[in-house]
Amino acid sequence: MRYVIIGSGVAGIAAIEAIRSVHPALLRGENGTQITLIGDDPHGFYSRPGLAYFLTGELHDKALFPRTAHDFRSLKFNYVKGRVTKISRAEHTLELESKPAVSYDRLLIAVGAQALPLEVPGSNLEGVLKLDHMEDAKRILKFARRGKTAFVVGGGITALELVEGLVARGLKVHYLLRGDRYWSNVLDEQESRIVERRLQEEGVTLHHHAEALEVTGKNGRVSGVRLLNGQSLKCDLVAYAIGIRPRVDLARQVGLAIDRGILVNEYLQTNDPDIFAAGDVAQAYDPLSGRSILDSLWTPARQQGYAAGLNMAGRKTAYIKSPPFNVTRLAGLTTTIIGTVGRGRDDDLVGIARGDSETWRQLPDCMVAQTGFKVNRLRLLVGEKTLIGAIVMGDQKLSLPLEKIISGNLDIAPIREKLLGPNANVGEIVAEFWAGQKT
Ligand SMILES: Cc1cc2nc3c(=O)[nH]c(=O)nc-3n(C[C@H](O)[C@H](O)[C@H](O)COP(=O)(O)OP(=O)(O)OC[C@H]3O[C@@H](n4cnc5c(N)ncnc54)[C@H](O)[C@@H]3O)c2cc1C
């Protein structure tokens, strides 16, 4: 059996681990299961969320590699550094850029997603930058070393990571927001203001109701931006994060079913039984909610890759989505987002962003219990019988208990009224409830 995986991200590597858990590696020279990984990232497999810490200088690039060469050797797979340009379903082969074709019996497409382009005049100038991968991060650092002033455009986690990385590298940063607050469809007004205040304290200039109409240039390089309100400001670089798009082109060319991502059933199988998809590129069906969801999160990508690998190797393992859980940093403040917490559109983003889940914005009617209005803040989305979601900012004592309460669908009847009471100390009520569950 020839297993081929396109994409050396976390989904692809997890799939190899799963296949090897079913077909352990044989000794050198013996015939056995053949696994081939094809990846076009010159740096191979590394932590993409870690790029934010590489930008700020808190982590060396070497710290972003979660697997050693020894780990890879023990998985016994062939690694082809290259780019797949075409899939032939009839012949079960892949065409590669300047490399021989590769044949497969079972194929996994785990090619991730890419940043949506900034579509304004001047966006092709040198110094207009995105953050998809390690090479992008290195390019940003190169421009940051030469520059003094930067503009950041976009929303969600990656836009803030760009702001923070550039501030840490000593640049004067302007952050353009189209609406009246940051990340309005995930954070509530208080939470947006906490983040914005902290950015201002770090010296960031926020421009609300602002939009870049044009990036202006000199000798092919960025020299400034022209804003919607007519202002023209000088800068040396423009970094953007306005959303991402799953890389569905390979799948589209060969008639695989696509919606926003590649559509897969609960076994991560596409409409071709020999082709699977997982990670950021997949729009995975969740049998519990009955919905097909896009995530751009490390843990779901890993879980999907692993389940896909097992199923490619003949097991029947359904991928059942747990409520999305992300521990991130917003303006230096540790923030955990669990389950469903917001709704609607955010003017700064087109669709899904990095470190984001569509589930976060599918809020049904529910009540809000909240506490803390300065730095430590806790917001709970209270359903009829269970907690639907939570945002924990600052003090993280309750983030793991809340993850367990939400993903376990624990019955909150004993505390529901108390949580919704006036001036409720929501944190204490949850802590007591959780302590009671453990005994
Ligand atoms: C800056 C940044 C911040 C993030 N922050 C968070 C966060 O806070 N929390 C969180 O949970 N997640 C975060 N994420 C998202 C997380 O990293 C992704 O969800 C995860 O990496 C997806 O894994 P994947 O394997 O599906 O795809 P990827 O990691 O994107 O890997 C896909 C691989 O396929 C390769 N490829 C593409 N096309 C081809 C082709 N034709 N031929 C060969 N190879 C190809 C790509 O080069 C890439 O190496 C962040 C991502 C970034 C970039």
Side-chain angles (χ1 to χ4, degrees), residues 4-16 36-56 64 66 79-87 94-97 99 102 107-115 129-137 140 154 156-162 164-165 239-241 243-251 253 261-262 264 268 276-284 294-306 308-309 324-330 334-338 352-357 360:
V4 177
I5 288 138
I6 318 176
S8 60
V10 64
I13 300 298
I16 298 178
T36 303
L37 173 69
I38 307 168
D40 68 355
D41 190 317
H43 300 281
F45 173 49
Y46 52 89
S47 164
R48 286 177 203 278
L51 290 174
Y53 301 89
F54 172 57
L55 271 190
T56 56
L64 301 187
Y79 178 44
V80 179
K81 204 181 264 188
R83 200 176 136 66
V84 175
T85 52
K86 197 173 166 203
I87 300 171
L94 305 177
E95 282 178 24
L96 274 76
E97 218 168 60
K99 292 257 161 86
V102 172
L107 174 67
L108 175 68
I109 306 177
V111 293
Q114 67 195 31
L129 305 161
K130 62 177 171 69
L131 179 58
D132 269 351
H133 44 61
M134 179 82 83
E135 279 305 297
D136 286 339
I140 292 172
I157 293 173
T158 311
L160 269 204
E161 289 172 346
L162 290 166
E164 301 253 53
Y240 66 93
I244 56 171
R245 179 190 296 134
R247 292 189 179 100
V248 294
D249 296 355
L250 283 175
Q253 280 167 14
I262 303 176
V264 287
L268 286 311
F276 294 70
D280 282 8
V281 75
Q283 192 176 331
L294 279 183
D295 285 322
S296 175
L297 290 169
W298 184 266
T299 304
R302 179 168 169 72
Q303 291 166 341
Q304 288 176 20
Y306 201 86
F325 174 85
N326 193 10
V327 187
T328 186
R329 232 176 29 175
L330 301 177
T334 306
T335 301
T336 300
I337 308 173
I338 313 162
I352 192 165
R354 300 273 185 206
D356 187 0
S357 168
W360 286 343

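Counting starts at 1 for both ligands and their atoms, in listed order.
Applying the 4.0 Å criterion to heavy atoms of Ala301 picks out, from ligand 1, the atoms 22 (C), 23 (O). Near Gly279, meaning under 4.0 Å from any of its heavy atoms, are these atoms of ligand 1: 26 (O). Near Asp132, meaning under 4.0 Å from any of its heavy atoms, are these atoms of ligand 1: 53 (C).
Contact annotation: for Thr85 versus ligand 1, there are no heavy atoms closer than 4.0 Å. Here Asp40 has heavy atoms under 4.0 Å from ligand 1 in both its backbone and its side chain. Within the 4.0 Å heavy-atom criterion, both parts of Pro49, backbone and side chain, lie near ligand 1. With a 4.0 Å heavy-atom cut-off, ligand 1 is reached by the side chain of Arg247 but not by its N, CA, C or O.
Residues Phe325 and Thr336 form a side-chain contact, since some pair of their non-hydrogen atoms from C-beta on lies under 4.5 Å apart. In this structure, Leu94 and Leu107 have side chains that are in contact, with non-hydrogen atoms separated by less than 4.5 Å. No side-chain heavy atom of Leu129 sits under 4.5 Å from any side-chain heavy atom of Asp136.
Protein heavy atom nearest atom 29 (O) of ligand 1, with residue, atom name and distance: Arg48 NE, 2.6 Å. In terms of protein heavy-atom proximity, atom 23 (O) of ligand 1 is nearest to Val10 CG1, 3.4 Å. Ranking the protein heavy atoms by distance from atom 42 (N) of ligand 1 puts Val84 N, 3.0 Å first. Of the protein's non-hydrogen atoms, the one nearest atom 15 (C) of ligand 1 is Ser296 O, 3.5 Å. In terms of protein heavy atoms, atom 52 (C) of ligand 1 is closest to Arg354 CD, 3.6 Å. Protein heavy atom closest to atom 9 (N) of ligand 1, with residue, atom name and distance, is Asn326 OD1, 3.0 Å. For atom 18 (C) of ligand 1, the nearest protein heavy atom (residue, atom name, distance) is Asp280 OD2, 3.4 Å. For atom 12 (N) of ligand 1, the closest non-hydrogen atom of the protein is Trp298 N, 3.4 Å.
If you take OG1 on Thr56 and CD on Glu164, they are separated by 8.0 Å, rounding to the nearest 0.5 Å. Put simply, OH on Tyr53 and CG on Leu64 are 11.0 Å apart, with the number rounded to the nearest 0.5 Å. Atom CG of residue Leu131 and atom CG of residue Leu51 lie 5.5 Å apart, to the nearest 0.5 angstrom.
Checked by distance only, ligand 1 and Leu297 come closer than 3.5 Å through their nitrogen or oxygen atoms.
Nearest to atom 25 (O) of ligand 1 by heavy atom, out of Ala11, Ala278, Gly50, is Ala11. Of the listed residues (Leu96, Leu131, Val80), the one carrying the non-hydrogen atom nearest atom 1 (C) of ligand 1 is Leu131. For atom 43 (C) of ligand 1, the nearest non-hydrogen atom from the set Gly9, Gly82, Gly7 comes from Gly82.
Of the possible donor and acceptor atoms, one in the side chain of Arg354 sits under 3.5 Å from a partner among the backbone N and O of Ala113. In this structure, the side chain of Lys99 engages the main chain of Lys81 through a donor-acceptor pair within 3.5 Å. A donor-acceptor contact shorter than 3.5 Å is absent between the side chain of Asp132 and the backbone of Gln114. Side-chain N or O atoms of Gln283 include none that pairs as donor or acceptor with a backbone N or O of Leu294 at under 3.5 Å.
Crowding of Arg329 atom CZ: a count of heavy atoms from other residues, nucleotides or ligands under 6.0 Å exceeding 12.
The existence of a salt bridge linking Asp280 and Arg247 is excluded, since no basic side-chain nitrogen approaches an acidic carboxylate oxygen closer than 4.0 Å.
Not a single heavy atom of Ala52 sits less than 4.0 Å from an atom of ligand 1. Distances from ligand 1 to the non-hydrogen atoms of Ala282 include no value under 4.0 Å.
For the residue pair Pro66 and Phe45, the shortest heavy atom distance occurs at CG-CE2, 3.5 Å.
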